[in-house]
Amino acid sequence: MKSPIRVVISGAAGQIAYNAIFRLLSGDVFGLDQPIHLVMLEVEPALKFLSGVDMEITDCAFPCLAGRTSTCDQLVAFKDADYVILFGAIPRGPGMERKDLLEKNKSIFEAQGKAMQEVAKPETRVLVVGNPANTNALILKKYATKLLPGHITAMSRLDHNRCIGQLAQKFNVTPGQIRNVFILGNHSGTMVPVLCHAELDHKKIIDQIDKEWMKENMQIVRQRGTKVIEARGKSSAASAAEAALDHMHDWYMGTPEGEIVSCSLAAPKDNKYGVPEGIVFSFPCISKNGEWVIQPLDVCEVLKEEIEKTIKDLLDEKKLAFNE
Ligand code: NAX
């Protein structure tokens, strides 16, 4: 057995966490030989609900559960953390403007960034899921400067998986036969699903996808969250949990040879996609030895304008978040 790793989940009493925690502890993500100390972070009023989750964890008798902590103290939660998944955020309420949402979440991610700066390790690996995820990650990065810049990521894997799901349906194959789609930009209505490198059974399929379908797919992937809410009365939880765990699995285990996935992280200087340095943007990536590596891939000419729009969207969010 390896030594235990500390995995922190914020918003641990929320609906995505409820769909993530049990698979995480089953050994699916970090492997059956990797003991986990699970740290569940919540706001004080939710600790009662969290105690119910805690009882269920005991009742599962997970073989690799090395210990657990429930807390509303961020300094306790992030101390010596290895992996952190930040689901906890204020959802957009009725009548709330995007600006209000950003302001509310700014205080959460500012406080969490400061707490990480105090007690986390530079190597701590963070995935931000709470929306607006990309800009929340940017805020966190501003305050948690001790963390390695490539270790603060935001989730675009759900959009990536949604895109694969659509292609699998179109070609009437299993999603496992499709790979190398990716998402560029923000996790918002401006995201850009890119199909130019998509493969079915390791062969490119772009020649079999017409422009109309590509446009339709773009709208479906962009609007999927809203459609799920309309149908279910609640936002995507199971698929969001799966995506977050896929992200952590690949970060820890590495991506299979030749496979590209989507990951949002701070844009490096002079990147292939013309993204201003520092903004947290979804890129095509591989994961190797615990690090995400952006892949410089050509993108179909017709998407250039859409990429400009999603860059602008993120720059506008940044202005709002930092009152620039
Ligand atoms: P829930 O409202 O069910 O759960 C959120 C939990 O976070 C609550 O239990 C709340 O008490 C807790 N919380 C609030 N502030 C906190 C803080 N400062 N510290 C710790 N915990 C805190 O929401 P859920 O459906 O689980 O969604 C969580 C977040 O994921 C939302 O912001 C949502 O918008 C976002 N999503 C992001 C997605 C993505 O692809 N990036 C997709 C799915 C999801 O909509």
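Every number for a ligand or one of its atoms is a count from 1 in the order of the listing.
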Short side-chain donor-acceptor distance under 3.5 Å, [Y] and [X]:
X      : Y      : value
Ser107 : Glu110 : no
Ser10  : Glu42  : no
Asp250 : Ser287 : no

Can a salt bridge be assigned to the pair [X] and [Y] using a cut-off of 4.0 Å between side-chain N and carboxylate O?
X      : Y      : result
Arg125 : Asp82  : no
Arg224 : Asp159 : no
Arg23  : Glu242 : yes
Asp80  : Lys121 : no
Lys312 : Asp316 : yes

Mode of Ala240 contact toward ligand 1 - side chain, backbone, both, neither (heavy atoms, under 4.0 Å): side chain
Where ligand 1 meets [X] - atom numbers and elements under 4.0 angstrom, heavy-atom basis:
X      : value
Met155 : 39 (C), 40 (O), 41 (N)
Gln112 : 19 (N)
Ala13  : 9 (O)
Gly88  : 7 (O), 13 (N), 21 (N), 22 (C)
Ser235 : 25 (O)

How about Tyr273 and Phe281: are their ring centroids closer than 6.0 Å? no
Who's the nearest protein heavy-atom neighbour of [atom], and how far?
atom                    : answer
atom 27 (O) of ligand 1 : Ile16 CD1, 3.3 Å
atom 23 (O) of ligand 1 : Gln15 CG, 4.4 Å
atom 16 (C) of ligand 1 : Val43 CG1, 3.5 Å
atom 2 (O) of ligand 1  : Pro91 CG, 4.5 Å
atom 39 (C) of ligand 1 : His187 NE2, 3.1 Å
atom 42 (C) of ligand 1 : Leu158 CD2, 3.7 Å
atom 10 (C) of ligand 1 : Glu42 OE1, 3.5 Å
atom 29 (C) of ligand 1 : Phe87 O, 3.2 Å

Short N or O distance, Asn131 and ligand 1, threshold 3.5 Å exclusive: yes
N or O pair under 3.5 Å between Ile108 and ligand 1: no
Nearest-0.5 Å distance, CD1 of residue Ile311 to CD of residue Glu306: 12.0 Å
Just verifying a value: how many Å separate Leu86 CG and Gln112 CD, rounded to the nearest 0.5 Å? 5.0 Å
Which is closest to atom 14 (C) of ligand 1 by heavy-atom distance: Ala111, Ala241, Gly11, Ala89? Ala89
Hey, is Gly225 one of the residues with a heavy atom under 4.0 angstrom from ligand 1? no
Is ligand 1 less than 4.0 angstrom away from at least one heavy atom of Gln74? no
I need the single residue from Glu259, His202, His197 that forms a side-chain hydrogen bond (donor to acceptor under 3.5 Å, both in side chains) with Arg179. Which is it? His202
